[in-house]
Amino acid sequence: MKIIVDAMGGDNAPKEIIKGSMLAAEEYGADIVFVGDKKVISQCAEENSVDLKNSEIVNASSVITMHDDAKSVLKEKSDSSRAVGFEHLN
């Protein structure tokens, strides 16, 4: 099973998102695809001793904020983690 995770969205992101995703991957045998700023995700995992085995990081350079219009965000921020994640759905 492959799970695509927006690593930059949510409280205490990306640290808690990465930690929780990797715990779930270990427990359920899933492959995780993190979407977001690749440099930030990698650095956060290293700083917090999180092993990203069986995972992939897909870079997304734009960030969606609480002030962005939900209806137009995929068009206006096509390089955001959410838009890039949608592109990777199979």
Side-chain angles (χ1 to χ4, degrees):
M1 176 187 328
K2 182 190 291 188
I3 301 173
I4 300 172
V5 177
D6 178 356
M8 308 312 288
D11 293 338
N12 302 311
K15 179 182 172 184
E16 297 304 326
I17 307 302
I18 295 168
K19 288 170 54 179
S21 296
M22 294 313 296
L23 286 173
E26 185 177 320
E27 185 170 337
Y28 298 107
D31 293 325
I32 304 293
V33 178
F34 291 109
V35 183
D37 187 318
K38 188 172 188 170
K39 183 178 178 182
V40 171
I41 295 167
S42 297
Q43 184 176 10
C44 182
E46 185 177 326
E47 289 173 356
N48 292 283
S49 302
V50 177
D51 185 1
L52 296 179
K53 67 181 177 190
N54 298 326
S55 70
E56 174 186 356
I57 302 173
V58 176
N59 192 57
S61 57
S62 184
V63 175
I64 297 172
T65 70
M66 290 177 37
H67 304 290
D68 288 321
D69 178 37
K71 293 180 283 186
S72 60
V73 73
L74 292 178
K75 290 181 183 177
E76 293 176 7
K77 293 191 173 182
S78 60
D79 59 341
S80 68
S81 54
R82 185 167 301 156
V84 173
F86 279 132
E87 290 176 14
H88 280 79
L89 289 174
N90 291 341

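The chain is numbered in sequence order, starting from 1.
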Within 6.0 Å of CD in Glu16, more than 12 heavy atoms from elsewhere: yes
Counting neighbours of CG on Asp11 that are heavy atoms of other residues, nucleotides or ligands and sit closer than 6.0 Å, is the number greater than 12?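 No, because the 6.0 Å sphere around CG of Asp11 holds 12 heavy atoms or fewer from other groups.
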Can you tell me how far [atom2] of [Y] sits from [atom1] of [X], rounded to the nearest 0.5 angstrom?
{"X": "Glu56", "Y": "Lys2", "atom1": "CD", "atom2": "NZ", "value": "6.0 Å"}
{"X": "Cys44", "Y": "Asn12", "atom1": "SG", "atom2": "CG", "value": "10.0 Å"}
{"X": "Met8", "Y": "Ser62", "atom1": "CE", "atom2": "OG", "value": "11.0 Å"}
{"X": "Ser49", "Y": "Lys19", "atom1": "OG", "atom2": "NZ", "value": "10.5 Å"}

Same cluster for [X] and [Y] if Ile/Leu/Val/Met/Phe/Trp/Tyr side chains link at under 4.5 Å?
{"X": "Val40", "Y": "Val33", "result": "no"}
{"X": "Met1", "Y": "Ile4", "result": "no"}
{"X": "Ile3", "Y": "Ile18", "result": "yes"}

Do you know which two heavy atoms are closest between Ala83 and Ser78, and how far apart they sit? CB-O, 3.5 Å
Taking every non-hydrogen atom, the tightest pair across Ser42 and Ile57: OG-CD1, 3.4 Å
Can you check whether Val50's main-chain N or O pairs, donor with acceptor, with Asn48's side chain at less than 3.5 Å? no
Does some side-chain heavy atom of Lys77 sit less than 4.5 Å from a side-chain heavy atom of Asp68?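 Side chain of Asp68 against side chain of Lys77, heavy atoms only: contact under 4.5 Å found.
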Within-4.5 Å side-chain heavy-atom neighbours: Met22 and Leu52: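 A side-chain contact under 4.5 Å exists here.
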In a check of side chain to side chain contact (heavy atoms under 4.5 Å, CB included) between Val35 and each of Ile41, Asn59, Val84, which one passes?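 With Val35 as partner, Ile41, Asn59, Val84 yield a single side chain to side chain contact (heavy atoms under 4.5 Å, CB included), made by Val84.
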